[in-house]
J.: 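Quick one: the structure is below, and I'll ask about it shortly.
All ligand and atom numbering here is 1-based and tracks the order in the structure.
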Amino acid sequence: MHVLATAGHVDHGKSTLVLALTGIDPDRFAEEKARGLTIDLGFAWTTLPSGRELAFVDVPGHVRFIKNMLAGVGAVDACLFVVAATEGWKPQSEEHLRILELLGVAHGVVALTKVGLVDEEWAEVARMDVADRVAGTFLEGAEVVAVDGVSGLGLDSLSAALDRLLEITPAALDRERPRLWVDRSFAAKGSGTVVTGTLTGGALDADDELMLVPGHRGGRAQRVRVRALQSHQRPLPRVGPGHRVAVNLAGISHDRVQRGDALVRPGMWHATRTVDCSLTVLSSLDHEVSRRGAFNAYIGSGEHPVRLRLLGSDALAPGEAGLARVHLPVALPLLPGDRYVLRESGRSETVGGGEVLDVDPIVPAAKAAPDRSWTRVVAERGWVEVDALERLTGERRPATVGGRWVVAPDLLAATRSQLEAAVAGAGHLGLDVALLDERQRAVLASMPEIVVSGGKALPAGASVPEDGASAHPFVAALEANPFMPPDPDAAGVDRRELRDLVRRGLVVERDGCYFAPGAVHAAALAVARLLSDQPEGVTVAEVRQALGTTRKYLLPLLGHLDATGVTRRRGDVRVAGPKLPAA
Ligand SMILES: Nc1nc2c(ncn2[C@@H]2O[C@H](COP(=O)(O)OP(=O)(O)OP(=O)(O)O)[C@@H](O)[C@H]2O)c(=O)[nH]1
Ligand SMILES: [Mg+2]
């Protein structure tokens, strides 16, 4: 099953050909029939002689309805490109071809229509002209079939060519991420709201709970339920990607759904109003593209007025490719790899288009260097949860830490060495794991060189302190008052016993003051937190306030942190040392 779009200049015989191939008239409206002109999208389907099924989205060729054309071609697999032998290549032949290229359509067949109205020589000239025009595009080398939609001449050859086209056109991908860009919404007698579109990315099932994004008038996404599904007017319990589908929705009135909205599964998409994109400017344009100008972006089946900011340059010349940050008026469920077309609304001309690279840019535009890689997404964030990464990239990556996060390698290495230093610095009592945040604990658990026992992290192989030691009354007294520790003489501690506690790492001595190892570690973390807000340095007064102590205790404590590499003294302030723990 494949979905093809027609394309080509007004009046060149697209709808006539679709009718001749399928028996279904794609022009649905009385006005279209009266004027002999397609205004809006039409739909038809057939089974080719090989048994392959094929659906057509028939588009209008008139330049005034190009918005409708763009709504129809966003999700198709291939095209039936129509050029009338009588008129040859015309402006919308060119514009439609450029649009299909920008949207990444990669396969097609050319029908040279109305050959019954020209002689053979003329038809041959037209054929050579078409070959020239499509050179260098995805249609270079495509079959060109001479037909006459009215007399039926050449239709069998066209069917056979379409069969060969479908054979080489890859089937729509099933990534278990269905997305239906809505191209029609109406109320069907007896069943309520029906929306239609070309399904991509995954299958839909009857009874699915879905989100309609962006929702009524660009407001919040709205939850809806699939009551029933049809494809080509056949009711089905499930429809796969690469099909035209009609979805009967419960939970919403038809006038609250618009062309350009999308149906997706809840929780699987990042709905975004800002995207970083590649932008290729058409070489036929007669002016450069800058942020000035009123632009419409065509994404999925929708038309959206956008603001544009070029990245890394002020303007792009015709034929040039660059990068742009695009601001949308509504949040759309997008992924890297989605294509868009850009038109200038004032001049009504197609300017260019490209590919979405980043659906949630967090780097300021002046510094952004977007690409499609998931590693960039991780590097920019440091830590990303697996589900969030999938929403941002469409790819599910295995977690690198804690079964939950994908972490940038350099950040992970830095966190590991900070933890190692903190554990080493905590002495025999071990590092109190409760002082660490969730992420640090997850990294700790992944470090074989460290063991956690009774809430304390210790180097693997180190002996866990006997209860007797930490239960020493002086150690307990130090822990009870970490930053205003008691004096050993006042506490009546035997000097020899005290030396032994210091030697075993159960008490830290500095300049005649005695501290619990936990106090030193807690002070180090407090300083780290202060420094994360003001990396240029913190004063003694600021640390004193944070710890709630006096200079008498703080100065030795800071001296110890300096001596152990946690901090460094620079004039009146302390700055980060190589052993500063993560805040
Ligand atoms: N003789 C002859 N007439 C044709 C052929 N194809 C189309 N026509 C006539 O050309 C006119 C336009 O045909 P359509 O099929 O409506 O053209 P279209 O490309 O769909 O036009 P738009 O949708 O408005 O862009 C109609 O009057 C058709 O009968 C053909 O192969 N031979
Ligand atoms: Mg038509």
Side-chain angles (χ1 to χ4, degrees), residues 3-46 54-73 76 78-100 108-127 129-130 133-134 139 143-162 183-184 198 244 298 348 350:
V3 183
L4 264 63
T6 59
H9 198 71
V10 61
D11 235 19
H12 277 201
K14 300 177 288 298
S15 304
T16 302
L17 205 49
V18 169
L19 172 60
L21 286 165
T22 65
I24 299 170
D25 185 354
D27 286 336
R28 298 171 285 141
F29 302 104
E31 191 189 348
E32 292 180 318
K33 294 196 202 303
R35 292 169 65 181
L37 183 84
T38 303
I39 295 168
D40 203 358
L41 301 173
F43 308 96
W45 55 93
T46 190
L54 168 62
F56 286 102
V57 177
D58 182 41
V59 310
H62 197 288
V63 66
R64 261 188 58 205
F65 310 123
I66 197 138
K67 163 182 174 171
N68 296 337
M69 179 271 178
L70 280 152
V73 295
V76 301
C79 72
L80 172 58
F81 200 88
V82 172
V83 183
T86 45
E87 290 196 328
W89 201 259
K90 299 287 277 185
Q92 269 61 57
S93 317
E94 183 65 27
E95 187 166 25
H96 284 196
L97 177 61
R98 296 299 151 196
I99 286 170
L100 294 172
V109 159
V110 180
L112 195 62
T113 55
K114 307 198 183 183
V115 289
L117 299 177
V118 299
D119 61 26
E120 259 179 49
E121 207 175 320
W122 187 268
E124 199 44 42
V125 171
R127 178 192 286 271
D129 184 35
V130 167
R133 304 282 189 163
V134 302
L139 282 179
E143 289 194 53
V144 181
V145 184
V147 289
D148 194 286
V150 172
S151 71
L153 183 87
L155 278 182
D156 290 345
S157 312
L158 183 59
S159 289
L162 287 171
D183 49 37
R184 266 189 310 166
T198 305
R244 288 292 308 169
Y298 297 81
S348 184
T350 299

J.: Checking a contact table here: which protein heavy atom is nearest atom 17 (O) of ligand 1, and how many Å away?
T.: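 Result: G13 N, 3.1 Å.
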J.: Ignoring hydrogens, what is the shortest heavy-atom contact between G72 and V57? Give both atom names and the distance.
T.: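 Shortest heavy-atom separation between G72 and V57 comes out as O-CG1, 3.7 Å.
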J.: Please say which of V144, L139, V130 ends up in a side-chain contact (heavy atoms from CB on, under 4.5 Å) with F81.
T.: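 Passing option: L139.
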J.: Among protein heavy atoms, which lies nearest atom 8 (N) of ligand 1, and at what distance?
T.: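 Nearest protein contact, heavy atoms only, for atom 8 (N) of ligand 1 is K114 CE, 3.6 Å.
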J.: Please report which non-hydrogen protein atom sits nearest to atom 28 (C) of ligand 1, along with the residue it belongs to and the distance in Å to one decimal place.
T.: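 For atom 28 (C) of ligand 1, the nearest protein heavy atom is T16 OG1, 3.6 Å.
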J.: Do the side chains of E31 and R35 get close enough for a salt bridge, i.e. N-O under 4.0 angstrom?
T.: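 So E31 pairs with R35 through a salt bridge.
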J.: Run the numbers for me: atoms of ligand 1, each under 4.0 Å from some heavy atom of L37, listed by number.
T.: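 Close to L37: 24 (O).
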J.: Kindly indicate whether the side chain of K33, heavy atoms from C-beta on, has any atom under 4.5 Å from the side chain of D25.
T.: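 Yes; the side chains approach each other to less than 4.5 Å.
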J.: Kindly determine whether L17 and T6 satisfy side chain to side chain contact (heavy atoms under 4.5 Å, CB included), including the steps that lead there.
T.: CA-CA 9 Å; L17 205 49; T6 59; over 6 Å; no
J.: Identify whether the distance between the nearest side-chain nitrogen and carboxylate oxygen of E95 and R98 falls below 4.0 Å.
T.: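 Salt bridge between E95 and R98, a charged N being under 4.0 Å from a carboxylate O: no.
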J.: Among all protein heavy atoms, pick the one closest to atom 2 (C) of ligand 1 and tell me residue, atom and distance.
T.: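 Among all protein heavy atoms, the one nearest atom 2 (C) of ligand 1 is V150 CG2, 3.5 Å.
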J.: If every non-hydrogen atom of R244 is compared with every non-hydrogen atom of T198, which pair is closest and at what distance?
T.: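 Taking every non-hydrogen atom into account, NH1-OG1, 2.8 Å.
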J.: Nearest protein heavy atom to atom 11 (C) of ligand 1, by residue and atom, and its distance?
T.: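 Nearest protein contact, heavy atoms only, for atom 11 (C) of ligand 1 is D11 OD1, 3.7 Å.
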J.: Quick check for you: to the nearest 0.5 Å, what is the distance between C79 atom SG and L100 atom CG?
T.: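 With rounding to 0.5 Å, SG (C79) is 5.0 Å from CG (L100).
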J.: For V115, which part has a heavy atom under 4.0 Å from ligand 1: side chain, backbone, both, or neither?
T.: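 None of V115 does.
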J.: Regarding atom 18 (P) of ligand 1: of the candidates K14, H9, H62, which has the closest heavy atom?
T.: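 It is K14 whose heavy atom sits nearest to atom 18 (P) of ligand 1.
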J.: Starting from atom 16 (O) of ligand 1, locate the nearest protein heavy atom and write down its residue, its atom name and how far away it is, to 0.1 Å.
T.: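 Protein heavy atom at minimum distance: G36 O, 3.8 Å.
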J.: State which residue, out of M69, R28, K14, fulfils the side-chain contact (heavy atoms from CB on, under 4.5 Å) condition with D58.
T.: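 Testing each of M69, R28, K14 against D58, the sole residue satisfying side-chain contact (heavy atoms from CB on, under 4.5 Å) is K14.
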J.: Please identify which atoms of ligand 1 are closer than 4.0 Å to at least one heavy atom of L117.
T.: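 So the answer, numbered in order with elements, is 1 (N).
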J.: Taking only distance into account, with no hydrogens and no angle test, what donor-acceptor pairs under 3.5 Å do side-chain atoms of residues 151-159 form with protein atoms, sequence neighbours excluded?
T.:
| residue | atom | partner | partner atom | Å |
| --- | --- | --- | --- | --- |
| S151 | OG | D148 | OD1 | 3.4 |
| S151 | OG | L153 | N | 3.3 |
| S159 | OG | L155 | O | 3.3 |

J.: Out of T86, V82, L112, which residue meets the side-chain contact (heavy atoms from CB on, under 4.5 Å) rule with H12?
T.: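 Among T86, V82, L112, the one meeting side-chain contact (heavy atoms from CB on, under 4.5 Å) with H12 is V82.
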J.: Would you check the N or O atoms of G61, main chain and side chain alike, for any that come under 3.5 Å of an N or O of ligand 1?
T.: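 Indeed, backbone or side chain, G61 has an N or O that close.
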J.: What closest approach, in Å, do A146 and V115 show between heavy atoms, and which atom pair accounts for it?
T.: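 Closest heavy-atom pair between A146 and V115: CB-CG1, 3.7 Å.
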J.: Can you tell me the protein heavy atom closest to atom 23 (O) of ligand 1 and the distance?
T.: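 For atom 23 (O) of ligand 1, the nearest protein heavy atom comes out as T38 OG1, 2.7 Å.
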J.: Protein N, O or S atoms less than 2.8 Å from the Mg ion (ligand 2), ignoring waters?
T.: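 Correct list: S15 OG, T38 OG1.
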J.: Write out the residue and atom name of the closest protein heavy atom to atom 31 (O) of ligand 1, then the distance separating them to 0.1 Å.
T.: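 It is G149 N, 2.7 Å.
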J.: Taking only heavy atoms of V10, which atoms of ligand 1 are found under 4.0 Å from at least one of them?
T.: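 So the atoms of ligand 1 that pass are 24 (O), 25 (O).
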J.: Does W89 offer a backbone N or O that forms a donor-acceptor pair with the side chain of E94 under 3.5 Å?
T.: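 Flag not set: sc E94 to bb W89 has no pair under 3.5 Å.
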